[in-house]
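First up is the structure itself, then whatever we jot down about it.
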Amino acid sequence: MDQDYERRLLRQINHQNLPAESRLSKCLGAACSPASVKSGDRFIPTRAGSNWSINFHYANENCRSPAQNHKAKDASSDSSKDAVAYAALLRNELLGAGIEPGGDPHSDDRRHAVLAQDSHGLFRYTVHTKRVPFDSDNEVSPYSLSPLSNKSHKLLRSPRKPARKISKIPFKVLDAPELQDDFYLNLVDWSAGNLLSVGLGACVYLWSACTSQVTRLCDLSVDGDSVTSVCWNERGSLVAVGTHKGYVQIWDAAGGRKLTCLEGHSARVGALAWNGEQLSSGSRDRVILQRDVRTPPSAERRLQGHRQEVCGLKWSPDHQHLASGGNDNKLLVWNSSSLVPVQQYSDHLAAVKAIAWSPHQHGLLASGGGTADRCLRFWNTLTGQALQSTDTGSQVCNLAWSKHANELVSTHGYSQNQILVWKYPSLTQVAKLTGHSYRVLYLAVSPDGEAIVTGAGDETLRFWSVFSKTRCTKESKSVLNLFTRIR
């Protein structure tokens, strides 16, 4: 008798003669897997209990690293989208998953649907019924030589959603000497005529986005004053200038001349907001003055509700409500006729300078708090209810909504000095932009709604391509793209 065969036979006899408890413990130690039980001198794996749908699903994910799996789930690049489409085709052809263009092959619902199918083995033999008449939109041609199924053809023909790409570097940087590092000031604004007004020390400069020419509009040093806020009217013909001494000057940008000088405040004017021909001004004296520039200066409305400096003012898109934020951590909403606020929100724990009304949803107001708060909060001013909030991790300095999509951009100070683009209402971050070395205290949106400009205490103005009119990967054809990319 062959010695090898004799040893295998003895091992088999000894295994059969073991007590039941010993065999049970060995079976439990081997996880009682049918594939681990040996019969004679041959190893025959048992595949009766195999689920090919589950095995295929795990093999598709486990063969990649966690980073690759994350890319495939997000489908944020072309290669990952190709991998997702390829996996969907394999599921359709091998497992009959029936994935169509409308669904995500990696979504939880699709996974459960695939795993819930009956497991009758990898190969199935079915009798095909007679085809229905050919429909170019829903059916594969009966003369097609492609081995793919109808649903796989639909999957291949379906258009792919382009990826959202936002450049992480500014397309232009301008020097802004003497741009103050003061949280309570508003020194940058962009007009409808594509002119950028910037308050630098005692002067206001106008920069043309079409010609890149710079002109000095006014110089307040002759009066021993300085600029604390600038704001364009809706038509882009007049610019209001708030001063440290509490004056509000109205200038004609085209003619370069001062039209009027409004008094009434006893301290610096840090916030301005136009509403048609009416101009609202917020000051360190805790008062909001609302005046019509066409009438004598004596005709004014005094809105008193804040207990500390007013640092944020914004009119709603329907021109009916004014939102004001102050250093008293309060966010107030006023209507066009009352002298007392119609709504008051006290959830912020720091100064409220960042205020923005949504152009897409009536009555939706967003606000951001200072260093001690760091939160973005959203309010339904129609009902007075708080909607959502999120902790941004740093001081919120400015907010602005996109004109074309339900997104908004926020600029931040202590301690990250960053620019964030958010998608609403999910509040997911679309992009994170860095570049300023100081707090990003100033923000303005271009008239076409595609670019933004940010200013900081590092005395620079940076232009970013953030929003787009259409969801395409091509670079937008904004007038701003004609500028030099980097200084």
Original post:
Quick one: do Glu277 and Arg291 make a salt bridge, cutoff under 4.0 Å?
Top reply: no
Original post:
How are the rings of Trp190 and Phe463 set relative to one another: parallel (under 30°), tilted (30 to 60°) or perpendicular (over 60°)?
Top reply: perpendicular
**OP:** Take the angle between the ring planes of Phe378 and Trp401 and call it parallel below 30°, perpendicular above 60°, tilted in between.
**Re:**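 Perpendicular.
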**OP:** Apply the salt bridge (Lys or Arg N to Asp or Glu O under 4.0 Å) test between Glu309 and each candidate in Lys330, Arg268, Lys353; give the one that qualifies.
**Re:** Arg268
Original post:
In this structure, are over 12 heavy atoms from other groups packed under 6.0 Å from Arg301 atom CZ?
Top reply: yes
**OP:** Decide if atom CZ of Phe183 counts as having more than 12 heavy atoms of other residues, nucleotides or ligands within a radius under 6.0 Å.
**Re:** yes
Which atoms form the tightest heavy-atom contact between [X] and [Y], and what is the distance?
X      : Y      : answer
Ala400 : Phe467 : O-CZ, 4.5 Å
Thr434 : Trp464 : O-CH2, 3.5 Å
Asn186 : Ala271 : ND2-CA, 4.0 Å

Subject >> Spacing of OG belonging to Ser229 relative to CG belonging to Leu272, to within rounding of 0.5 Å >> reply: 3.5 Å
Original post:
Between atom CG of Leu196 and atom OG of Ser212, what is the distance when rounded to the nearest 0.5 Å?
Top reply: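 Nearest 0.5 Å value for the CG-OG distance: 11.0 Å.
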Whether the side chain of [X] engages the backbone of [Y] through a donor-acceptor N/O pair (distance < 3.5 Å, no angle test) should be reported.
X      : Y      : answer
Gln388 : Pro425 : yes
Ser402 : Ala405 : yes
Ser358 : Gln361 : yes
Asn398 : Leu441 : yes
Asp225 : Thr243 : no

**OP:** Assess whether side-chain contact (heavy atoms from CB on, under 4.5 Å) is satisfied between Thr260 and Val248, documenting all intermediate values.
**Re:** CA-CA 8 Å; Thr260 184; Val248 178; over 6 Å; no
**OP:** For salt bridge (Lys or Arg N to Asp or Glu O under 4.0 Å), just list the numbers for Arg374 and Asp391, CA-CA rounded to whole Å, side-chain angles, deciding distance to a tenth of an Å, and then say yes or no.
**Re:** CA-CA 6 Å; Arg374 305 175 304 180; Asp391 191 342; 3.5 Å; yes
Subject >> Gln418/Val440 under side-chain contact (heavy atoms from CB on, under 4.5 Å): CA gap, chis, key distance, verdict >> reply: CA-CA 7 Å; Gln418 60 188 354; Val440 189; over 6 Å; no
Original post:
Any side-chain donor paired with an acceptor under 3.5 Å for Thr428 and Trp422?
Top reply: no
**OP:** Check the side chains of Asn233 and Ser237 for a donor-acceptor pair under 3.5 angstrom, ignoring hydrogens and angles.
**Re:**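 Indeed, the side chains of Ser237 and Asn233 share at least one donor-acceptor pair under 3.5 Å.
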Original post:
Please walk me through it: do His321 and Asn335 pass side chain to side chain donor-acceptor pair (under 3.5 Å)?
Top reply: CA-CA 4 Å; His321 292 89; Asn335 61 21; 5.7 Å; no
**OP:** Apply the test side chain to side chain donor-acceptor pair (under 3.5 Å) to residues His436 and Asn417: give CA-CA distance (whole Å), side-chain angles for both, the deciding distance (0.1 Å), then the verdict.
**Re:** CA-CA 6 Å; His436 286 288; Asn417 306 330; over 6 Å; no
